Each structure stands twice: as structure tokens, then as C-alpha cells.
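Okay, structure first, notes after.
Atoms within a ligand are numbered from 1 in the order they appear, just like the ligands themselves. All residue numbers in this chain count up from 1 along the given sequence. None of the values given here were measured: they were computed from a predicted structure.
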Amino acid sequence: MRSVELHRRVVADLIAPRPPEPLPLADALGLVLAGDVEAPLSLPGFDNSAMDGYAVVADDIASATMENTVRLPVAEDIPAGRTDRLILKPGTAHRIMTGAPVPSGATAVVPVEATDGGVDTVAIRAAAKPGQHIRRAGEDVTAGTTVLRAGQVVTPAALGLAAALGLAELTVVPRQRVLVMSTGSELVAPGTPLQPGQIYESNAVMLAAAVRDAGGHVVAAPMTGDDVDAFRNTLSRYATEADLIITTGGVSAGAYEVVKDALGGEVDFVKVAMQPGMPQGAGRIGDTPIITLPGNPVSALVSFEVFIRSPLRAAMGVAQPDRPRRQAVLNEDLTSPKGKRQFRRGVLDPATDTVVSYGPPASHHLRWLASANCLLEIDEEVAELTAGSQVTVWDLSAG
Ligand code: AMP
Ligand code: MG
């Protein structure tokens with residue numbers, strides 16, 4: 001049997017990043033910048049007012065107080081967005097709004113609250129320090145400065161900065177495009193009637209969601225019956241659009257193992273020393289990597305967590321692609337099959353760092369997985385764990 005570590009390496013070696021791509025800002029959220037971003041212009045782009053008020057020469061109102069106001073004629077009205085260049089003559093004021101360009105010659109802005117708000121003339125009740133309430137060109141960003149670094153995750157604020165700098169696109173490590181395929185002649189799409197012996201298909205929606213949750217793009221998530229031709233047809237229909245193909249089912253030791261039957265030449269089918277998730281496969285169809293997961297829903301999702309999620313995120317430039325792992329205190333006795341790495345579903349109490357397993361170990365107990373918040377990782381050589389011992393947990397709520 002292949003070790004979990006070896007199969008992780010085999011899968012990781014298959015998954016590669018796509019070349020960097022410029023994307024419209026709206027599509028870049030959450031992706032990783034492929035290069036540094038230099039500011040093409042300064043921010044603010046021009047001296048502008050930080051307040052609604054009056055642009056003045058500070059010296060003209062040096063004597064202004066509540067009792068002895070200074071009255072100036074209002075020579076211009078400057079709303080935000082005015083594009084002509086204005087000059088303030090000494091001894092006059094311009095009414096100005098927040099964000100509007102400060103006229104040349106003005107040395108301060110007096111807030112409207114310190115005036116009578118006049119339109120033709122204005123009575124000013126307080127002196128102003130030179131430079132007061134003027135946002136200077138370039139005081140936030142100087143043109144040419146590196147404002148975002150390669151490897152940074154694009155956040156809403158990074159998008160805001162890029163837009164403020166006039167950039168319509170950011171060059172990012174693109175999403176991995178993933179084809180998710182489930183197989184099984186017993187499978188029926190949710191929302192349609194069931195015949196006896198049929199079950200609802202659940203892996204496609206689950207793994208597609210896991211791919212999206214990891215930042216990937218799902219090309220399609222079709223299902224096929226256990227028919228080699230139908231399987232290969234569906235595969236070839238989508239495979240060229242995908243950077244990675246994930247299948248579920250049809251890889252065990254029985255008859256009608258459609259994935260095994262169809263891909264014997266391209267995929268290396270192996271047994272991995274783990275529970276759940278023993279039957280696995282990895283290979284390439286043409287240039288496209290394909291990972292074949294077992295069909296039991298718990299096996300499929302745990303296998304995705306153990307083998308695919310980290311390299312998928314790494315291929316999208318994520319610096320810390322793994323789920324956070326840590327030691328927690330086990331609150332019960334547990335047994336584990338000797339010779340296999342066991343991944344139990346668990347509930348971790350982060351307040352006390354204690355954990356209990358959640359549900360039986362068998363791989364069809366999806367209900368428990370749905371409400372677990374961690375995986376317990378129990379080493380191959382461990383057969384028994386007693387309450388109070390340390391166990392490794394993967395925090396599924398983070399990373
Ligand atoms: P297989 O790996 O194809 O032998 O499937 C193992 C078990 O998982 C069987 O009980 C299947 O019915 C079940 N199974 C396989 N694929 C799916 C799926 N997409 N959705 C729900 N159950 C599945
Ligand atoms: Mg099957």
C-alpha cells in the first residue's frame with residue numbers, strides 16, 4: 001500500500017499553476033497578485049479640499065475671531081468635479097466643497113462651520129493655519145511607488161486602491177479550472193424521483209463546492225453511469241477546458257468500476273494506507289492531471305481535503321495552502337486500524353482545545369461530516385488512543 005505522504009506528493013506534482021493573467025478588477029477578488037503593482041499616478045492627484053468651506057489666504061483672516069469676524073467677497077463657487085484651473089486673488093474667498101480642487105494661491109480652507117455660510121460674501125469667525133484642511137497631491141501615494149506586492153491576496157481594499165489609481169485590471173495567478181465528474185449507474189440528480197435501488201447523487205455538488213471554496217473555478221460537474229463509452233465521452237467533452245479533473249467512484253475492486261476500466265492506460269490506480277479513502281488514482285489525460293477519488297461521499301471529501309485542496313490552493317499562489325493543524329486533547333477513547341492513517345470527523349472546542357470524534361469511522365456517514373468542524377488525524381502505527389492524549393486536528397473552519 002502507498003503511504004498518504006507519497007500519494008500527497010504524487011498528486012501535488014501533477015497540479016501546476018496557470019500563467020499569470022490580467023483580470024478585470026471585479027473578477028480578481030481573493031486571487032493572488034502575480035506581480036508588484038506600481039502606482040501610475042499620485043493620490044490625491046491634485047491639492048483638494050478636506051472640508052466643505054472656503055478657500056482663503058490664511059494671512060487674510062489671521063485676525064478673525066467669533067467676536068471680530070473677517071468678511072471676504074466670495075469670488076468663485078467650486079463644487080467637486082470642477083475641472084477648470086482657478087486662481088484665488090488675495091482678499092477674496094472661494095466657496096469650496098470636499099474633494100474639489102483648491103485654487104492656486106489659496107493657503108487654507110476654512111470649514112463652513114466657522115463661517116456664516118455666505119454666498120456673495122462670507123463672514124469668517126476663526127483664523128486658519130496655513131495648509132489647514134488641504135489634502136496635498138501625492139500625500140497618500142506618489143506615482144511610481146510599489147503599492148501592492150506579488151503574492152498579496154486581492155482584498156476589497158486592494159481593489160479600491162487599484163481603481164483609485166485608474167487600473168481596470170490586475171494581473172493575478174488565475175483560478176484553477178476544475179472538472180468534477182461523478183460516476184455510478186445508481187445515481188439520480190436531486191430533485192427527481194427515485195426508483196428502488198437508486199440514490200441521490202451527492203458528490204458532484206459537494207466537491208464542486210469544495211473546489212470553489214478553495215478558490216477554484218468549476219468547469220462543469222456532470223455525472224455518468226457506469227458505462228465506459230459514456231464516461232469517456234463526457235470526459236472528452238470538458239477535459240480541454242480543465243486544468244484538473246477530479247472523478248469520484250468506480251475505482252474499487254468490484255466489477256463495473258468504470259473509471260478503472262476507462263483509464264487503465266492513463267491513471268495509476270493504487271491503494272493508499274488510509275481510512276477512509278483507500279482506493280485512489282492519479283495520472284494525466286493528455287496534459288491534464290486527473291485524480292480519481294473513491295465514490296463514498298465521506299471518502300471523496302476527506303480525500304479532497306487530504307490530497308487535493310492544498311496543491312490546488314498552492315497552484316493559485318496561496319502562501320499558506322494547508323488547513324491549520326494543531327494538537328488538541330482527545331476527550332474519549334478511540335481505536336484506529338493499525339497500518340492505516342485514519343481521518344475521523346471531529347468536533348473541536350477551540351475554547352478548551354479539546355476534541356471528540358463525531359460519528360462512526362465508516363465512509364458513508366455523511367451526516368456527521370456535515371456538522372463536524374475538524375478532522376482527527378491518527379497515525380498509522382496507533383491502534384488505540386485514550387482520553388486525555390494529544391491528537392492532531394485539521395481545522396476545517398479555517399484556511
Ligand atoms: P464506488 O466507489 O463507485 O464503488 O462507490 C462507493 C459507494 O459510494 C457506493 O455506495 C456508491 O453508491 C456511493 N457513491 C458513489 N458515487 C456517489 C455519488 N456521486 N453520490 C453519492 N453516492 C455515491
Ligand atoms: Mg460506483
Side-chain angles (χ1 to χ4, degrees), residues 1-2 7 11 178-213 216 218-235 237-238 242 244-264 266-283 290-309 337 340 342-343 345 359-372:
M1 272 201 274
R2 180 181 277 184
H7 196 61
V11 171
V178 183
L179 171 64
V180 175
M181 275 182 69
S182 37
T183 64
S185 296
E186 73 280 27
L187 305 176
V188 175
T192 55
L194 276 185
Q195 303 297 323
Q198 296 182 325
I199 63 167
Y200 285 122
E201 199 288 316
S202 58
N203 286 344
V205 70
M206 178 173 69
L207 287 178
V211 165
R212 286 192 197 100
D213 181 57
V218 177
V219 173
M223 61 170 168
T224 66
D226 293 320
D227 176 88
V228 169
D229 289 338
F231 173 77
R232 284 229 68 129
N233 283 344
T234 308
L235 196 59
R237 200 164 130 213
Y238 298 106
L244 172 67
I245 301 163
I246 303 172
T247 65
T248 66
V251 293
S252 329
Y256 313 108
E257 302 290 6
V258 65
V259 177
K260 251 185 180 171
D261 294 345
L263 301 177
E266 290 119 318
V267 171
D268 195 12
F269 292 101
V270 294
K271 287 185 175 169
V272 175
M274 69 187 272
Q275 185 199 56
M278 186 175 68
Q280 299 284 343
I290 178 164
I291 315 297
T292 65
L293 304 179
N296 264 307
V298 175
S299 311
L301 193 60
V302 168
S303 301
F304 179 88
E305 281 288 336
V306 173
F307 300 117
I308 301 177
R309 192 175 189 273
K340 283 188 181 176
Q342 195 185 38
F343 291 92
R345 279 59 68 201
S363 52
H364 58 285
H365 292 284
L366 192 54
R367 168 189 159 191
W368 307 90
L369 181 56
S371 299

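- Near Ser252, with a cut-off below 4.0 Å to any heavy atom, the atoms of ligand 1 are 2 (O), 4 (O).
- Counting heavy atoms under 4.0 Å from ligand 1, residue Ile199 touches it through the side chain alone.
- Regarding atom 19 (N) of ligand 1, its nearest protein heavy-atom neighbour is Glu201 OE2, 2.8 Å.
- With distances taken over non-hydrogen atoms, the option nearest atom 3 (O) of ligand 1 out of Gly295, Ser299, Gly250 is Gly250.
- For atom 17 (C) of ligand 1, the closest non-hydrogen atom of the protein is Asn203 ND2, 3.3 Å.
- Atoms of ligand 1 lying under 4.0 Å from any heavy atom of Glu186, numbered from 1 in the order shown and given with element: 11 (C), 12 (O).
- The closest protein non-hydrogen atom to atom 10 (O) of ligand 1 is Asn296 OD1, 4.3 Å.
- For the atom pair CD of Glu201 and OG1 of Thr183, the computed distance is 9.5 Å after rounding to the nearest 0.5 Å.
- There is a side-chain donor-acceptor pair under 3.5 Å between Thr248 and Asn203.
- No salt bridge links Glu305 with Arg345; every basic N to acidic carboxylate O contact stays at or beyond 4.0 Å.
- Note: His7 NE2 to Gln280 CD = 4.5 Å, rounded to the nearest 0.5 Å.
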Start with the C-alpha distance between Leu179 and Leu235, add both sets of side-chain angles, then the distance that settles side chain to side chain contact (heavy atoms under 4.5 Å, CB included), and finish with yes or no.
CA-CA 9 Å; Leu179 171 64; Leu235 196 59; 4.2 Å; yes
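- The heavy-atom pair separating Ser252 from Lys260 by the smallest distance is O-NZ, 3.0 Å.
- Within the listing of ligand 1, atoms 16 (N) sit less than 4.0 angstrom from a heavy atom of Thr183.
- In Tyr256, the OH atom is not crowded: 12 or fewer heavy atoms of neighbouring residues, nucleotides or ligands sit closer than 6.0 Å.
- Contacts with ligand 1 closer than 4.0 Å are made by heavy atoms of both the backbone and the side chain of Ser202.
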